[in-house]
Each structure stands twice: as C-alpha cells, then as structure tokens.
Colleague: 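Here you go, one structure.
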Amino acid sequence: MITKGSVKAREVPLNNTKPWSGFFTVLIALALAVSHAVAASVTQVQVRVVTGAEELTAGSLLELRIYEAGKGVLSFPLTHGEAWPRDATLVIPVTLTEPLDPRTVVRFGLYYRAASPLAPAWEVVAADVDLSSGRGSPQRLLNATLSGVIARQGELATEEREAGSMTCMTDADCDDHRKCNGHERCAPRSAGADARGCVKGSPMVCPVNQVCTEAHGCQGLDTASPPAPAAPAPTAAPSAAAPTATPN
C-alpha cells in the first residue's frame, strides 16, 4: 500500500488521572526509551521516495536493496504493478523478513526496471529509509539520501562503507572499555561527535593526591603505582676450600 504525505502520531489527552498515575507514566516512558536504545535491530522500515518530472509507468519494477557485511543482498519490492505520478512524495512501509541490525549495513539502493524498453530514464529527486517507521524522530539508514537518474534498468545506491565507519546506534558502540577517560556517548547530532557519531566522555576527577587507575579507580599516589621490586640481597662469596694434605 502506498501512502502519500507524512505519518503523524496521534496524541491522546490524559484526563481525570490519579495523582500517582503520572509517576508511572514517566517510568513507562523511560523504560520504552531505554528498550528502544538497546534494541538495535529493526523489523519494519519506511521508504520515502520523491519522484521527478517523469512518472513511473505501470508494470515497472522498483525494489529496495539492502547489503549487509558478510551477507547477501536483501530485496523488497516497492511497486506491485501500479503507476507512480510525477512530482509526488510516496511513503511505503516495508516489513523485513528477518530483524536487521543497521550497524551491519554497508550499502542500500533502489533497483529499477522499466516496463517498456522505450521508457525514458526515471528520476529520483530524493529517497531514504526511515528506521523509526514513522514513530518518533526520523532515523535514516546510513544517514543517507539517494538522488539521481536511473536508466531503463539499473540501481541507484549509496557508496560502499566499511563496517568500522558505521554510525553508532547505542552508547555501547562507542565504549572504549576504559574508565578513567569517562563514559562515551552515542550522539551523532552533537557538535563534538566524531565520524561514527560518538562523543568522548569527561575524564574522571579524583581527590587531591589521588590518580585514576583502570583497575581500582581513584587511588593515592603511594598505592596507585606498584612498588618497585626490591633489589636482590647480595650473596656471600664462596669461601676458599682448606688445603688438604697429600700423603707422601
């Protein structure tokens, strides 16, 4: 099913609630936020396509193709024989055949095959994949938007990306497993974020005359460093053996 326009969340008013119900509402919201941050895999996405000056003729094929590191390509049809008008925005919900971890995706694209060999090239003004499926703020797959012209048969895709350059999804993706330099956060939209969207933590501040150690946290200067090994005790020189008499 093709839906035009954007999807808006319906806001439900809360009336005649008990005094303590607000507290539980906050707890539930926090739990949902934490579960959303921890669960990196998705089973549903939304594909948004803005068409150009040429319509997509009836019978043409348009597929979403997702390439995962170390796996094959996943293909999902976006058309089912219908025509798409020109200069239109279409939002297509897609249910994935198995959970997808966006951190393993190295490339995605739109594969197009025209219904007729005489059909002109088809223009994509903009196309992206929303991981939030219209719930909450949009989260684009690979943080990328496709744009270009596809001939009668071809694919418009993002550039291949290394797995190590994938945008972080949770704080755990940024953790360097070191305590003294602070807790790293996944915040791609922050000003201090690196190429993966990670923000460095604040180094641990210890009391006066103490330093941070990875094994035991803040420790005094006298215990932070292991004591130098004691010099080996000098060994006594072997005494000369007493001469023995040799019988004549």
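Everything numeric in this text was worked out from a predicted model, so none of it was measured.
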Colleague: Return yes if some donor-acceptor pair links the side-chain N/O of Thr145 with the main-chain N/O of Ala126 below 3.5 Å, else return no.
Modeller: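 No, Thr145 side chain to Ala126 backbone: no donor-acceptor pair under 3.5 Å.
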Colleague: Check whether Leu142 and Val42 end up in the same hydrophobic cluster, where Ile, Leu, Val, Met, Phe, Trp and Tyr are linked by side-chain heavy atoms less than 4.5 Å apart.
Modeller: yes
Colleague: In Å, rounded to the nearest 0.5 Å, how long is the span from CD of Glu184 to NE2 of His177?
Modeller: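 One finds 9.5 Å between CD of Glu184 and NE2 of His177.
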Colleague: Write down the atom of Ser132, the atom of Ser137, and the distance for their closest heavy-atom approach.
Modeller: OG-O, 3.4 Å
Colleague: To the nearest 0.5 angstrom, please state how far the CZ atom of Arg113 sits from the CD atom of Gln153.
Modeller: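 Output value for this atom pair is 6.0 Å.
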Colleague: Report yes if some heavy atom in the side chain of Leu141 is under 4.5 Å from a heavy atom in the side chain of Pro102; otherwise report no.
Modeller: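 Touching, per the 4.5 Å side-chain cut-off.
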Colleague: Under 4.5 Å between side-chain heavy atoms, chaining through other members, with only Ile, Leu, Val, Met, Phe, Trp and Tyr counted: pull out the rest of the cluster around Tyr111, sorted by chain and number.
Modeller: Leu61
Colleague: Run the side-chain donor-acceptor check on residues 68-75: report pairs under 3.5 Å with partners two or more places apart or on a different chain.
Modeller:
{"unit_1": "Glu68", "atom_1": "OE2", "unit_2": "Thr104", "atom_2": "OG1", "d": "2.9"}

Colleague: To the nearest 0.5 Å, what is the distance between CG (Leu118) and CZ (Arg152)?
Modeller: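 Here the interatomic distance stands at 7.5 Å.
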Colleague: For the atom pair CG (Asp128) and OG1 (Thr158), what is the distance rounded to the nearest 0.5 Å?
Modeller: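 If we round to the nearest 0.5 Å, Asp128:CG and Thr158:OG1 are 12.0 Å apart.
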Colleague: Answer with yes or no whether the hydrophobic clustering places Leu96 together with Val129; edges join I, L, V, M, F, W, Y residues whose side-chain heavy atoms lie under 4.5 Å apart.
Modeller: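 Result: yes, single cluster for both.
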Colleague: Just do the side chain to side chain contact (heavy atoms under 4.5 Å, CB included) check on Leu78 and Leu110 with the steps written out, would you?
Modeller: CA-CA 9 Å; Leu78 302 179; Leu110 293 179; 3.7 Å; yes
Colleague: Could you tell me which non-hydrogen atom of Ala114 sits nearest to which non-hydrogen atom of Ala119, and how far apart they are?
Modeller: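 It is CB-CB, 3.8 Å.
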Colleague: Ignoring hydrogens, what is the shortest heavy-atom contact between Val149 and Ala121? Give both atom names and the distance.
Modeller: CG1-CB, 3.5 Å
Colleague: Would you name the heavy atoms of Ala187 and Ala193 that are closest together and state the gap between them?
Modeller: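 Closest approach of Ala187 to Ala193, heavy atoms only: O-CB, 3.3 Å.
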Colleague: Is there a path of hydrophobic side-chain contacts, each under 4.5 Å between heavy atoms, that joins Ile66 and Ile92?
Modeller: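 Result: yes, single cluster for both.
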Colleague: Side chain to side chain contact (heavy atoms under 4.5 Å, CB included) with Ala115: which residues, sequence neighbours excluded?
Modeller: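 Here the qualifying residues are Thr57, Ser60.
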Colleague: Under the side chain to side chain donor-acceptor pair (under 3.5 Å) test, which residues partner Asp176, sequence neighbours left out?
Modeller: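 Checked Asp176 against side chain to side chain donor-acceptor pair (under 3.5 Å); matches are Asn181.
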Colleague: Using the rule given for disulfide bond (SG atoms under 2.5 Å apart), can you reason through Cys212 versus Cys180, listing the C-alpha separation, both sets of side-chain angles and the distance that settles it, and then say yes or no?
Modeller: CA-CA 6 Å; Cys212 180; Cys180 293; 2.0 Å; yes
Colleague: Does Glu214, at its CD atom, have more than 12 non-hydrogen atoms belonging to other residues, nucleotides or ligands within less than 6.0 Å?
Modeller: yes
Colleague: Can you check side chain to side chain contact (heavy atoms under 4.5 Å, CB included) on Thr51 and Leu90, steps first, answer last?
Modeller: CA-CA 8 Å; Thr51 62; Leu90 302 105; 3.8 Å; yes
Colleague: Under the rule for ring-ring contact (aromatic ring centres under 6.0 Å, His included), what residues qualify as partners of Tyr112, not counting sequence neighbours?
Modeller: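 So Tyr112 forms a ring-ring contact (aromatic ring centres under 6.0 Å, His included) with Trp122.
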Colleague: Heavy-atom count around Arg140 CZ within 6.0 Å, excluding the residue itself: above 12?
Modeller: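 Yes - once you tally the heavy atoms of other residues, nucleotides and ligands closer than 6.0 Å, there are more than 12.
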Colleague: To the nearest 0.5 Å, how far apart are OG in Ser41 and CD in Glu98?
Modeller: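 Those atoms lie 10.0 Å apart.
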Colleague: Does Glu54 reach the side chain of Glu123, with side-chain heavy atoms less than 4.5 Å apart?
Modeller: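 Counting from C-beta outward, Glu54 and Glu123 never come under 4.5 Å.
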Colleague: Cys pair Cys218/Cys206: SG distance under 2.5 Å?
Modeller: yes
Colleague: Which atom names give the shortest non-hydrogen contact between Val125 and Ser147, and what distance separates them?
Modeller: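 Nearest heavy atoms, Val125 then Ser147: O-OG, 3.1 Å.
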Colleague: Once you round to the nearest 0.5 Å, how far does CD of Gln44 lie from CG of Leu131?
Modeller: 12.0 Å
Colleague: Give me the atom names and distance for the closest heavy-atom approach of Thr97 to Phe76.
Modeller: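 Minimum heavy-atom separation between Thr97 and Phe76: N-CE2, 3.9 Å.
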Colleague: Could you list the residues that satisfy side chain to side chain contact (heavy atoms under 4.5 Å, CB included) with Pro77, not counting sequence neighbours?
Modeller: His80
Colleague: Hey, does Val49 have a side-chain heavy atom less than 4.5 Å from the side chain of Leu146?
Modeller: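 Result no, sub-4.5 Å side-chain heavy-atom pair not found.
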